[in-house]
S.K.: 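Below is one structure. I have some questions about it.
Being a predicted model, the structure only gives us computed values, none of them experimental. Quick note: numbers below take in every heavy atom, side chains included, and nothing from hydrogens, waters or symmetry partners.
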Amino acid sequence: MSRKSSILPMRFVKQFVIIIFISCVGELLHYLLPLPIPASIYGLVLMFTVLKTGLLPLAKVKDASVFLIEIMPVMFIPSGVAILQTIPVIKQYWIQFFAIAVVSTGIVMVVSGLVTQAIIRKGGKK
């Protein structure tokens, strides 16, 4: 066994520990602050902040982050199964669900486009 192959798993463990620690801090913030914001959002904002400020270099979490993004589709399997278990309810209210999906998708597309245009305009004025 080469030295490099024995170091690689430990690097992943360290990176996962950093990600989990920041997620736990997000959970703590959710517990301490009386705001209706999910703990995962606190964790994401905290991770973004420490990466953007340079307190945590990207290289310290990059490999574990890439792995988590690669396996993300697997994380949707439980949600898909739960939806399948609610088919009777979906059949009863499918028109409402469809309308909500179409309207919310339209709103997201419009807002995303407007924000993107505003950012492009602001970036062009430098």
S.K.: Find out whether V17 and K14 are in side-chain contact, i.e. whether some heavy atom of one side chain is under 4.5 Å from a heavy atom of the other.
M.R.: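 Sidechains of K14 and V17: no contact.
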S.K.: Checking one residue: I83. Which other hydrophobic residues are in its cluster under the side-chain 4.5 Å linking rule?
M.R.: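 Besides I83, the cluster holds V89, I90, Y93, F97.
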S.K.: With sequence neighbours left out, write down each residue that passes side chain to side chain contact (heavy atoms under 4.5 Å, CB included) with V108, or none if nothing qualifies.
M.R.: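 V108 satisfies side chain to side chain contact (heavy atoms under 4.5 Å, CB included) with S112 once adjacent residues are dropped.
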S.K.: Would you say V102 and F98 make side-chain contact, with heavy atoms under 4.5 Å?
M.R.: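 Answer yes - side chains close enough.
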S.K.: Which residues satisfy the side chain to side chain contact (heavy atoms under 4.5 Å, CB included) test with V111, sequence neighbours excluded?
M.R.: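 Result, side chain to side chain contact (heavy atoms under 4.5 Å, CB included) vs V111: I107, V115.
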S.K.: My understanding is that only residues two or more places apart in sequence, or in another chain, count here; which of them pass side chain to side chain contact (heavy atoms under 4.5 Å, CB included) with I95?
M.R.: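 For I95, no residue satisfies side chain to side chain contact (heavy atoms under 4.5 Å, CB included) once neighbours in sequence are set aside.
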S.K.: Only distances under 3.5 Å count here; give the side-chain donor-acceptor pairs of residues 43-61 to other protein atoms, sequence neighbours excluded, each with its distance to 0.1 Å.
M.R.:
from, atom 1, to, atom 2, distance (Å)
T49, OG1, V45, O, 2.7
T53, OG1, T49, O, 2.8
T53, OG1, V50, O, 3.4

S.K.: For the CE atom on M75, are there more than 12 heavy atoms of other groups (residues, nucleotides or ligands in this structure) within a distance under 6.0 Å?
M.R.: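 Yes, CE of M75 has more than 12 neighbouring heavy atoms, counting only those of other groups under 6.0 Å.
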S.K.: Minimum heavy-atom separation for S104 to A101, with atom names?
M.R.: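 Between these two residues, the closest heavy atoms are OG-O, 3.3 Å.
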S.K.: Report, one line per pair, each donor and acceptor closer than 3.5 Å where one atom sits in a side chain of residues 19-38; sequence neighbours left out.
M.R.:
from, atom 1, to, atom 2, distance (Å)
S23, OG, I19, O, 3.1
H30, ND1, I37, O, 2.8

